[in-house]
Every structure is written in structure tokens, then in C-alpha cells.
> 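Provided herewith is a single structure, encoded as C-alpha cells, for subsequent inquiry.
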Amino acid sequence: MKYDSIIMGGGLAGLMCGLECVNAGLKTAIITAGDSALTFSSGAIDLLGFSPDNTPVSDPFNGISNLINNQSQHPYAKIGTPHIEESLTAFQNYMAEAEYPMTGDVTSNFWRLTAIGGMMPAFLGPVGIEQLPLNHPMQGIQRITIVNIAGFRDFQPEIMAAGLKRQLISSRTKITCIDIPAEKLGIEHPHLPELRSIELARLLKSPDHLSIIADQIKQQTPYADLFLMPAVMEQRDHESVTSELSRRLGKPVMELATLPPSLPGIRLQQAMKKLYTRKGGIFISGDTVETGQIKDGHLLNISTRHNPDYPLTSNAFVLATGSFFSNGLKSCRQTITEPVFDLDLSLAEKQQPWSSSRFFDSHSHGFITAGVKTNAHFNPAIQQQTIHNLYCAGSLLSHCNPVAEGSAGGISISSGWMAARHIIAQHHNHAAQQA
Ligand SMILES: Cc1cc2nc3c(=O)[nH]c(=O)nc-3n(C[C@H](O)[C@H](O)[C@H](O)COP(=O)(O)OP(=O)(O)OC[C@H]3O[C@@H](n4cnc5c(N)ncnc54)[C@H](O)[C@@H]3O)c2cc1C
């Protein structure tokens with residue numbers, strides 16, 4: 001079967017591109033090797049969190065306009081502010097359709113808390129990730145209770161409390177850490193400290209568990225203005241875990257992404273994938289695209305590890321295989337490569353070191369700006385020859401620093417959407433020529 005579009009990589013960028021393509025009626029397949037970066041993500045979408053001088057950005061679209069003026073090769077500059085806005089609206093519409101709404105204020109970032117008590121500016125978040133206002137994040141919050149399941153190691157309330165105290169709250173704010181005994185929840189697992197969030201979620205499925213957690217919290221610390229707990233419970237069909245707990249406790253409850261795997265990121269990925277397949281998209285997981293046949297500046301087909309003798313053909317292709325984290329880019333001591341097509345890359349400047357001696361350098365490491373070089377339509381090139389029906393999207397793109405900018409989710413969504421829009425336009429042109 002010949003597809004209208006084949007997307008390599010099923011992370012945030014690939015799924016966003018896939019949704020837009022199937023929604024426009026294109027025969028679309030996503031082929032993906034393994035877990036995506038969403039498995040590690042907080043589940044919130046960062047659009048632009050920091051300006052070049054490392055100060056938090058309040059109005060992200062204003063920040064993007066400034067960034068575009070100074071960095072013409074940045075992916076946001078190739079997309080343009082109106083299309084970035086359109087892509088995020090499309091994303092929100094899809095998530096509402098998927099019954100996993102993502103909310104935010106178009107004119108302002110909010111703070112999301114991290115599990116070590118830090119704060120990151122974010123743009124969209126699911127219900128359950130409390131959106132703290134940028135100016136006065138802890139206004140009206142005098143008492144915070146951090147809740148954990150006793151024995152669960154991937155969330156450390158004391159570390160979170162220390163982080164919170166260090167940076168954002170007044171000395172009058174009282175932080176209490178409490179543990180809910182595992183036996184109260186009926187968990188009799190011999191290796192509880194070895195369980196990851198996803199395994200714990202499987203054990204905490206019953207509606208009774210929420211009641212027990214609420215009762216335990218009330219018994220141990222009835223009074224708090226904000227409750228924080230690790231994301232270790234499955235979403236309910238009718239109401240989110242945190243909404244239900246908030247209702248029972250009468251105060252906001254905020255979920256925090258734990259050490260990986262991170263449930264909020266996994267929920268986002270599952271919601272997108274479910275909607276994509278419901279709309280008729282094909283999702284092939286567990287296979288790796290290894291190579292492709294290119295002729296006259298066009299990619300004719302691709303071959304995968306498991307089916308090398310059955311190349312897949314399509315009119316258009318998208319490479320959304322991620323960055324180093326997902327093997328979309330590979331590095332050795334001498335250089336960095338894109339492993340499927342050996343595309344032309346933009347590497348960190350020679351005079352700039354690839355890594356900083358400070359691991360948590362606020363400007364991050366030089367290698368993070370490396371990525372695939374593309375033209376204004378996100379077409380890459382091999383030895384400077386453009387591949388006209390191949391588009392790139394997501395964290396493999398060059399000329400940006402998603403870590404320092406706090407722009408990773410926004411770049412993946414808007415570039416995935418933009419790649420789809422180019423393919424849809426190409427598809428319609430082709431159909432018009434045939435008619
Ligand atoms: C730890 C961590 C936390 C983060 N937290 C946040 C956050 O809170 N908010 C935010 O906005 N961003 C966050 N990000 C960044 C953001 O999640 C990523 O930038 C974004 O999800 C990248 O999406 P992507 O689709 O470009 O790539 P990926 O998510 O990396 O997906 C690429 C996919 O392609 C597959 N693949 C690779 N090679 C091949 C091949 N040859 N054939 C087929 N498939 C292939 C991979 O298996 C993978 O599934 C975080 C990133 C990390 C690593």
C-alpha cells in the first residue's frame with residue numbers, strides 16, 4: 001500500500017504531525033522504534049520559558065517574536081508566530097477531543113513545580129498540574145503538605161521540601177511531609193521500594209484507594225492550602241485523580257512527575273496515540289527505520305529493521321526521530337551524525353565546547369544545539385542536495401537550544417504541525433494537477 005505520508009518517530013512531534021495528517025484525510029503511518037521522551041516528561045508543554053539572559057519569560061508569544069527577530073534560523077522563525085499559535089490551538093483541540101484537555105493562558109506562562117522543588121515556566125498543562133501564577137506563585141499558601149506512599153523511592157518529599165524552601169516560599173510557610181502506609185492501601189508487595197510509578201499505578205487502580213488516600217491525608221494533616229503528591233495513580237474515566245482528591249480534601253492537590261517513567265507524560269502520549277488511531281492512522285511500534293532510497297532529490301521508500309525486504313512507499317515522509325535521547329542523533333568522540341539518511345547537520349561552533357564543565361549550566365551544553373539543518377520548509381539535505389518530500393520535525397532540529405530556552409514541547413508540536421501542513425498542501429496541489 002502506498003501512503004500519503006509516513007512519519008518516522010512516534011513522540012510528541014510525530015504524533016502531532018500524524019494527527020494533523022489523518023485529520024486532513026491523508027493515509028498516514030507512524031513507525032516508531034521505542035519509548036519517546038514523553039515517557040520522561042512532566043506532561044506540561046513548555047513553549048518559551050527563558051529569554052537569552054536566562055530570565056523567565058512571562059508572555060511566551062512576545063518572547064517568541066523577540067527570539068525570531070534575533071535568530072532567523074530558529075525553528076520558530078521558520079514557522080512564524082501566527083502558525084505557532086494555530087498549531088497550539090490545534091493541539092488543544094485534539095487533546096479536548098481525546099478527553100485529555102490541556103489548558104493554559106495564551107498571554108502568560110505559569111510555574112509548574114518539579115519533584116525536587118524547582119519551578120519551570122510552562123505554557124499548557126493537563127488538569128492536575130496546578131498552574132501557579134508567574135508573579136506570586138505562592139500567594140495565599142501558608143501550609144503545604146507533601147504526601148508520599150511509604151516506601152516509594154522515585155519521589156522524595158524531603159528533597160522536594162528542601163527545594164521549595166530554598167527558592168520560593170517565605171519562612172512563615174509551613175511544609176509537612178507525610179507517608180501513607182502501604183498496608184493501609186492493601187499493597188503487600190515484597191519489593192515496594194523497587195516499584196516504579198507505572199507499577200504502583202497498576203496496584204492503585206481501585207476507587208477505594210482514592211478514598212483511603214483522602215482519609216489518611218485528613219487524619220495526618222487536615223489543614224493545608226496545597227497538597228503535593230507523586231503521579232502514581234491511573235486517570236479515572238470521569239474525573240482526574242487530582243480533581244477528585246481536591247474535591248474530597250477541599251483544597252488543591254497537585255500531581256508531580258516522578259523519576260521516570262513519568263505518568264503525566266505517558267498519559268499525554270497515550271491520549272494522542274489513541275485519538276490518532278481512532279481517526280484511522282496506522283501506528284507501527286517496535287520497528288526501526290534503517291535506510292531509504294533517494295532519487296533526484298526525492299525519498300522513494302524506506303526500509304525497516306524487521307521488514308528490510310518490504311520497503312514502504314509514500315508521497316511524503318517526516319523524520320521525527322528525536323534527539324540523542326531517542327537515537328535520532330548519534331555521537332562519537334569525533335562527530336555527530338543522523339543515523340538513517342546521514343543528513344547534513346548543523347553542529348555547535350568549533351570554538352564553542354560541546355559540553356560545559358558545569359553539568360547544570362543555565363546555558364546548557366553546546367551539543368544540545370546540534371541538529372539537522374533544514375530549509376525554510378523543514379526539508380533536510382544530503383551533501384547539500386535538498387530532499388524535497390522529506391520533512392523534519394521535533395527535537396532533531398538544529399539552531400535552537402530547547403533546554404536553555406524551555407521551548408522543547410512547543411518546538412515539537414509546532415514543527416510537527418508545520419510539516420503536516422506542508423504535506424497537506426503538497427497533497428492538494430498534486431490532486432489538483434491530476435484532476
Ligand atoms: C527527561 C526529559 C524531560 C522533559 N520534560 C519536558 C517537559 O516537562 N515539558 C516539555 O515541553 N518538554 C519536556 N521535554 C522535552 C520534550 O519531551 C521533547 O523535546 C519532545 O517530547 C521531543 O519529541 P520528539 O517527537 O521530537 O522526539 P522523541 O520524543 O525523542 O521521539 C522520537 C521517537 O522516534 C523513535 N525513533 C528514533 N529513531 C528511530 C528510527 N530510526 N526509526 C523509527 N523510530 C525511531 C524513538 O524511539 C522515539 O519514540 C523533556 C525531555 C526529557 C528528555
Side-chain angles (χ1 to χ4, degrees), residues 6-19 29-49 60 75 88 91 102 104 109-115 118-126 129 231 256-262 264-266 268-269 272-273 283-292 302-307 312 317-330 337-343 364 368 371-372 378 392-397 400-403 405-417 419:
I6 291 182
I7 299 158
M8 298 164 258
L12 186 57
L15 281 166
M16 184 62 200
C17 185
L19 277 168
I30 293 178
I31 302 166
T32 196
D35 282 339
S36 78
L38 282 176
T39 315
F40 288 67
S41 147
S42 71
I45 300 298
D46 305 342
L47 180 59
L48 185 71
L88 287 154
F91 172 72
M102 298 285 288
N109 276 326
F110 60 87
W111 289 118
R112 66 174 167 85
L113 289 180
T114 71
M119 295 199 304
M120 289 292 291
F123 181 65
L124 292 175
I129 292 196
L256 295 151
T258 62
L259 285 176
S262 156
I266 292 172
L268 175 58
Q269 173 157 304
M272 290 180 85
K273 184 180 156 191
F283 196 90
I284 304 164
S285 58
D287 205 355
T288 303
V289 179
E290 295 208 309
T291 184
I302 53 167
S303 300
T304 68
R305 183 169 300 164
H306 294 323
N307 290 299
L312 294 162
F317 296 84
V318 178
L319 190 71
T321 44
S323 184
F324 301 97
F325 185 76
S326 298
N327 291 328
L329 298 174
K330 291 215 165 166
T337 52
E338 184 288 305
V340 183
F341 304 105
D342 200 11
L343 298 175
S364 84
I368 287 173
V372 175
F378 290 111
C392 293
S395 55
L396 57 59
L397 293 171
C400 55
N401 189 334
V403 176
E405 294 162 5
S407 59
I411 290 178
S412 289
I413 288 172
S414 54
S415 61
W417 179 89

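Just follow the structure's listing: the first ligand is 1, and inside any ligand the first atom is 1.
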> Protein N/O near ligand 1 N/O, under 3.5 Å, which pairs?
residue  : atom   : partner : partner atom : Å
ligand 1 : 8 (O)  : Ser42   : N            : 3.3
ligand 1 : 8 (O)  : Ser42   : OG           : 2.6
ligand 1 : 8 (O)  : Arg112  : NH2          : 3.1
ligand 1 : 9 (N)  : Ala44   : O            : 2.9
ligand 1 : 9 (N)  : Asp46   : OD2          : 3.3
ligand 1 : 11 (O) : Asp46   : N            : 2.9
ligand 1 : 11 (O) : Gly409  : N            : 3.0
ligand 1 : 23 (O) : Ser412  : OG           : 3.4
ligand 1 : 25 (O) : Leu12   : N            : 3.2
ligand 1 : 25 (O) : Ala13   : N            : 3.0
ligand 1 : 26 (O) : Ser395  : N            : 2.8
ligand 1 : 26 (O) : Ser395  : OG           : 3.1
ligand 1 : 29 (O) : Ala37   : N            : 2.9
ligand 1 : 30 (O) : Ser326  : OG           : 2.5
ligand 1 : 41 (N) : Val289  : O            : 3.0
ligand 1 : 42 (N) : Val289  : N            : 2.9
ligand 1 : 44 (N) : Ala33   : N            : 3.0
ligand 1 : 47 (O) : Gly34   : N            : 2.9
ligand 1 : 47 (O) : Gly34   : O            : 3.4
ligand 1 : 49 (O) : Thr32   : OG1          : 3.2
ligand 1 : 49 (O) : Gly34   : O            : 2.9
ligand 1 : 49 (O) : Asp35   : O            : 3.4

> Going by ring-ring contact (aromatic ring centres under 6.0 Å, His included), name the residues that satisfy it together with Phe317, two or more places apart in sequence or in a different chain.
none

> Which residues satisfy the side-chain hydrogen bond (donor to acceptor under 3.5 Å, both in side chains) test with Ser407, sequence neighbours excluded?
Glu405

> Give every donor-acceptor pair under 3.5 Å between a side-chain atom in residues 408-415 and any protein atom, sequence neighbours left out.
residue : atom : partner : partner atom : Å
Ser412  : OG   : Ala408  : O            : 3.4
Ser414  : OG   : Gly410  : O            : 2.7
Ser415  : OG   : Gly394  : N            : 2.9
Ser415  : OG   : Ile411  : O            : 2.6

> Can you check whether Leu38's main-chain N or O pairs, donor with acceptor, with Ser36's side chain at less than 3.5 Å?
yes

> Picking from Ile302, Thr291, Val372, what satisfies side chain to side chain contact (heavy atoms under 4.5 Å, CB included) with Phe341?
Ile302

> Yes or no on side-chain contact (heavy atoms from CB on, under 4.5 Å) for Phe91 and Leu19, after CA distance, side-chain angles and deciding distance?
CA-CA 9 Å; Phe91 172 72; Leu19 277 168; over 6 Å; no

